Colleague: 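Have a look at the structure that comes next, please.
For this chain, numbers begin at 1 and follow the sequence in order. When reading the values below, keep in mind they use all heavy atoms of this one structure, side chains included, and skip hydrogens, waters and symmetry mates. Just so it is clear, the structure is predicted and the values come from calculations on it, not from any experiment.
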Amino acid sequence: MTQLEAARKGQITPEMKRVAEKEKVSPEFIRDEIVAGRLIIPANINHLKYRLDPTGIGIGVSCKINANIGNSSTTSNIDQELEKLHMAVHYGSDTVMDLSTGGDLDAIREAIIQASTVPLGTVPIYQALETVDKIEDLSWPIMRDVLEKQAKQGVDYFTIHAGVRKAYVPLARNRITGIVSRGGSILAQWCTAHNEENFLYTHFDEISEILKAYDVSYSLGDGLRPGCLADASDAAQFAELDTLGELTARAVAMGVQVMVEGPGHVPVHQVAMNVERQQKVCHGAPFYVLGPLVTDIAPGYDHITSAIGATLAGTAGAALLCYVTPAEHLSLPSAQDVREGVIAYKIAAHASDVARQRPGARDRDDELSRARFNFDWNRQFALSLDPEAAKAKHDSTLPQEGFKDAPFCSMCGPKYCAMKITQDGRAIEEERAQLVSSPRS
């Protein structure tokens, strides 16, 4: 049975127990959220044979982040991708997607599955395209074989762009950036070339049967997502979203877990509306957003522009935030890009949890703040999202170990530290209070 089917029977699986332990909630709560379609546990039965540590994704648990890795036809190799995987998981990514489009795709995927302790997602149409000479040669039998292969290997969730319907392709014609999703553009071209409906839509129930057999979760892809602010929240995007709502209901009825992917470029004032609309249309299924980027003018810094949107989306109810690295729009990310992207999105997810007032979400903030006021530098480092970076920044100007106990940093020095002045002021107040309260000699 899938996690969803087990939950419907009232069962609590080992995966539900593990997620409950990590989230500090009851296993019954996790089970009931799965039944309601608000939470998924992407855990392919064949990935569980390796090192997978189950993760819950949903509005009722902590906000999660995803890191994209994967090589291209021009760059990277298995060792580099495993280094990126390690970097992503080490700094806190909750899931990883292998978006490889070149090289030995089966070998790369197998290596990542065996090494990954977090759920792994893929976009199977990338491998399907590698088996043909041109997009028009794609077919349902080719796609079916790829789905079977990847499901058997242990992939935990598939991005399936079944919502890119033939009738919606013209709706994106007047966009500034057109169709920016790889999978979306591939399927739009196929529909146009054949003048036929998207084969992922027409064979959706057959896809669901494959996913059900291995408990692979759907990540229903937003193939018509906006690629710039001007294209956000348009007719093409929302037409596809309506279809994703239909497909969510169909998949869930068949016992398959579902999350839904969301837009990539959205102005600040439209972010919450996009989340709320998805929750309504897609029956509360977990929302998995790429960013979104809230401005288009910062290439090289899009981990920042997108982390702003991700914080807003997480606060509004998005369950999984897909990171964006500084390399977005520019190049294949390096391991360092992965690190910076993950940290930016750990900030966004944590800020969202604090904003949603999740129990215990602010405990780490308060503990670090107390360490900061007490000039406990080493404790500050340990509590930070990137201890190595925090320590390196401090030590760049005051490297001697003695300064780890100093009541100041190099910005204010020993004379102008506001917190030290505050502490001295409190000491004066306490001394005065003791004098007043002590009996006269």
Colleague: Side chains of Y218 and T248 only: does a donor on one sit below 3.5 Å from an acceptor on the other?
Modeller: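 The answer is no; no qualifying pair exists.
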Colleague: Can you list everything that forms a salt bridge (Lys or Arg N to Asp or Glu O under 4.0 Å) with E5? Sequence neighbours excluded, please.
Modeller: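 So E5 forms a salt bridge (Lys or Arg N to Asp or Glu O under 4.0 Å) with K212.
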Colleague: Taking salt bridge (Lys or Arg N to Asp or Glu O under 4.0 Å) as the definition, give me every residue that meets it alongside R362, ordered by chain and number, with sequence neighbours left out.
Modeller: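 Result, salt bridge (Lys or Arg N to Asp or Glu O under 4.0 Å) vs R362: D366.
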Colleague: Do any N or O atoms from the side chain of K84 and from the backbone of A67 form a donor-acceptor pair under 3.5 angstrom?
Modeller: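 Flag not set: sc K84 to bb A67 has no pair under 3.5 Å.
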Colleague: Under the side-chain contact (heavy atoms from CB on, under 4.5 Å) test against I108, which residue among D98, N77, I69 passes?
Modeller: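 Result: among D98, N77, I69, D98 is the only option passing the side-chain contact (heavy atoms from CB on, under 4.5 Å) with I108.
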Colleague: Please list all pairs meeting salt bridge (charged side-chain N to carboxylate O under 4.0 Å, His left out) that have one or both residues in residues 124-134, counting only residues at least two apart or in different chains.
Modeller: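 Listed once each, the pairs are K134-D137.
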Colleague: Main chain of I176, side chain of D231: is a donor-acceptor contact present, judged purely on distance under 3.5 Å?
Modeller: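 A pair under 3.5 Å: yes.
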Colleague: Taking E28 first and then R31, would you say they form a salt bridge - that is, a charged N and a carboxylate O separated by under 4.0 Å?
Modeller: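 Judged by the 4.0 Å cut-off on N to carboxylate O distance, E28 and R31 do not form a salt bridge.
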Colleague: Can you find a side-chain donor-acceptor pair between Q3 and Q257 that sits under 3.5 Å?
Modeller: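 Side-chain D/A pair, Q3 to Q257: absent.
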Colleague: Among all residues two or more places apart in sequence or in another chain, which pass the salt bridge (Lys or Arg N to Asp or Glu O under 4.0 Å) test with R18?
Modeller: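 Counting only residues at least two positions away or on another chain, R18 forms a salt bridge (Lys or Arg N to Asp or Glu O under 4.0 Å) with E21, D53.
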Colleague: Looking at residues at least two apart in the chain, or sitting in another chain, which of them share a side chain to side chain donor-acceptor pair (under 3.5 Å) with K391?
Modeller: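 For K391, the residues satisfying side chain to side chain donor-acceptor pair (under 3.5 Å) (neighbours in sequence not counted) are D395.
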Colleague: I need the single residue from E23, R356, H350, K24 that forms a side chain to side chain donor-acceptor pair (under 3.5 Å) with S62. Which is it?
Modeller: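 Result: among E23, R356, H350, K24, E23 is the only option passing the side chain to side chain donor-acceptor pair (under 3.5 Å) with S62.
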Colleague: For the backbone of G70 and the side chain of E81, can you confirm whether one donor and one acceptor N or O come within less than 3.5 Å of each other?
Modeller: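 A pair under 3.5 Å: yes.
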Colleague: Using side-chain heavy atoms (C-beta onward) and a distance below 4.5 Å, is V155 in contact with R109?
Modeller: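 Heavy-atom side-chain distance check passes, below 4.5 Å.
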Colleague: Under a 3.5 Å distance rule, please check whether W140 uses its side chain to pair with a backbone N or O of H203 as donor and acceptor.
Modeller: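 Between the backbone of H203 and the side chain of W140 there is no qualifying donor-acceptor contact (under 3.5 Å).
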Colleague: Answer yes when E197 and R165 have at least one side-chain N-carboxylate O distance shorter than 4.0 Å, and no when they do not.
Modeller: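 Between R165 and E197 there is a salt bridge, with a charged N closer than 4.0 Å to a carboxylate O.
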Colleague: Can you tell me which residue pairs pass the ring-ring contact (aromatic ring centres under 6.0 Å, His included) test with a partner in residues 309-340, sequence neighbours excluded?
Modeller: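 Passing the test, one end in residues 309-340: H265-H329.
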Colleague: Per the salt bridge (charged side-chain N to carboxylate O under 4.0 Å, His left out) rule, what does the pair list look like for residues 279-301, sequence neighbours excluded?
Modeller: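 Not a single pair qualifies under salt bridge (charged side-chain N to carboxylate O under 4.0 Å, His left out).
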Colleague: Could you give all pairs that pass the salt bridge (charged side-chain N to carboxylate O under 4.0 Å, His left out) test and reach residues 32-52, with sequence neighbours left out?
Modeller: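 Residue pairs with at least one partner in residues 32-52: E33-R38.
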Colleague: Is any side-chain heavy atom of Q150 less than 4.5 Å from a side-chain heavy atom of Y214?
Modeller: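 Of all side-chain heavy-atom pairs linking Y214 with Q150, none is under 4.5 Å.
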Colleague: Is a side-chain donor-acceptor pair under 3.5 Å present for Q153 with N44?
Modeller: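 Short answer, no.
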Colleague: Going by heavy atoms in the side chains, are L129 and I135 under 4.5 Å from each other?
Modeller: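 A side-chain contact exists here, since the closest heavy-atom pair is under 4.5 Å.
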Colleague: Counting only N and O atoms by type, is there a donor-acceptor contact under 3.5 Å from the side chain of S116 to the main-chain atoms of I113?
Modeller: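 A pair under 3.5 Å: no.
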Colleague: If you measure only the distance, is there a donor-acceptor pair under 3.5 Å linking the side chains of Y345 and S306?
Modeller: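 Yes, S306 and Y345 have a side-chain donor paired with an acceptor closer than 3.5 Å.
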Colleague: Tell me, yes or no, whether the heavy-atom count around K404 atom NZ, taken from other residues, nucleotides or ligands under 6.0 Å, exceeds 12.
Modeller: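 More than 12 within 6.0 Å, yes.
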Colleague: Just checking, any donor-acceptor pair under 3.5 angstrom between side chains of D222 and S181?
Modeller: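 Checked: D222/S181 side chains show no N/O donor-acceptor pair below 3.5 Å.
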Colleague: Please answer whether the main-chain N or O of C63 pairs with a side-chain N or O of D353 as donor and acceptor at a distance below 3.5 Å.
Modeller: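 Yes, D353 side chain to C63 backbone: donor-acceptor pair under 3.5 Å.
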Colleague: Suppose we screen for salt bridge (Lys or Arg N to Asp or Glu O under 4.0 Å). Which residues come up paired with D234, at least two apart in sequence or across chains?
Modeller: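 Once residues adjacent in sequence are excluded, the partners of D234 under the salt bridge (Lys or Arg N to Asp or Glu O under 4.0 Å) criterion are R175.
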Colleague: When you measure from the side chain of K346 to the backbone of L385, do you find a donor-acceptor pair of N or O atoms at a distance under 3.5 Å?
Modeller: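 Pair absent, no side-chain N/O of K346 close to backbone of L385.
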Colleague: Could you name each residue pair satisfying ring-ring contact (aromatic ring centres under 6.0 Å, His included) that touches residues 13-38, not counting sequence neighbours?
Modeller: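 Applying ring-ring contact (aromatic ring centres under 6.0 Å, His included) to every pair that reaches into residues 13-38, excluding sequence neighbours, yields nothing.
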Colleague: Indicate yes or no: at least one non-hydrogen side-chain atom of F199 is less than 4.5 angstrom from one of I142.
Modeller: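 Counting from C-beta outward, F199 and I142 never come under 4.5 Å.
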Colleague: Return yes if some donor-acceptor pair links the side-chain N/O of S100 with the main-chain N/O of N71 below 3.5 Å, else return no.
Modeller: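 Yes; judged by distance alone, with no hydrogens or angles, the pair exists.
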Colleague: Could you tell me whether the side chain of N274 reaches within less than 4.5 Å of the side chain of Q278, counting heavy atoms only?
Modeller: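 SC-SC contact between Q278 and N274 ruled out.
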Colleague: Atom NZ of residue position K149 - does it have more than 12 heavy atoms of other residues, nucleotides or ligands inside 6.0 Å?
Modeller: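 12 or below, so no.
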Colleague: Do D145 and T131 pass the side-chain contact (heavy atoms from CB on, under 4.5 Å) test, and can you show the C-alpha distance, the side-chain angles, and the key distance before you say yes or no?
Modeller: CA-CA 11 Å; D145 291 346; T131 68; over 6 Å; no
Colleague: Flag yes if more than 12 heavy atoms outside Y301 fall under 6.0 Å of its OH atom; otherwise flag no.
Modeller: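 Counting neighbours around OH of Y301, 12 or fewer heavy atoms of other residues, nucleotides or ligands fall under 6.0 Å, so no.
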Colleague: Hey, is the main chain of G223 close enough, under 3.5 Å, to the side chain of E240 for a donor-acceptor pair?
Modeller: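 Judged by distance alone, yes, a pair lies under 3.5 Å.
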Colleague: Who pairs with T95 by side chain to side chain donor-acceptor pair (under 3.5 Å), at least two apart in sequence or on another chain?
Modeller: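 If we apply the side chain to side chain donor-acceptor pair (under 3.5 Å) test to T95, skipping adjacent residues, the hits are N66, Y157.
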Colleague: Can you tell me which residue pairs pass the salt bridge (charged side-chain N to carboxylate O under 4.0 Å, His left out) test with a partner in residues 242-267, sequence neighbours excluded?
Modeller: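 Non-adjacent pairs meeting salt bridge (charged side-chain N to carboxylate O under 4.0 Å, His left out): D205-R250, E246-R250.
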Colleague: Indicate yes or no: does R339 engage D386 in a salt bridge with an N to O separation below 4.0 Å.
Modeller: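 Answer for the salt bridge query: yes.
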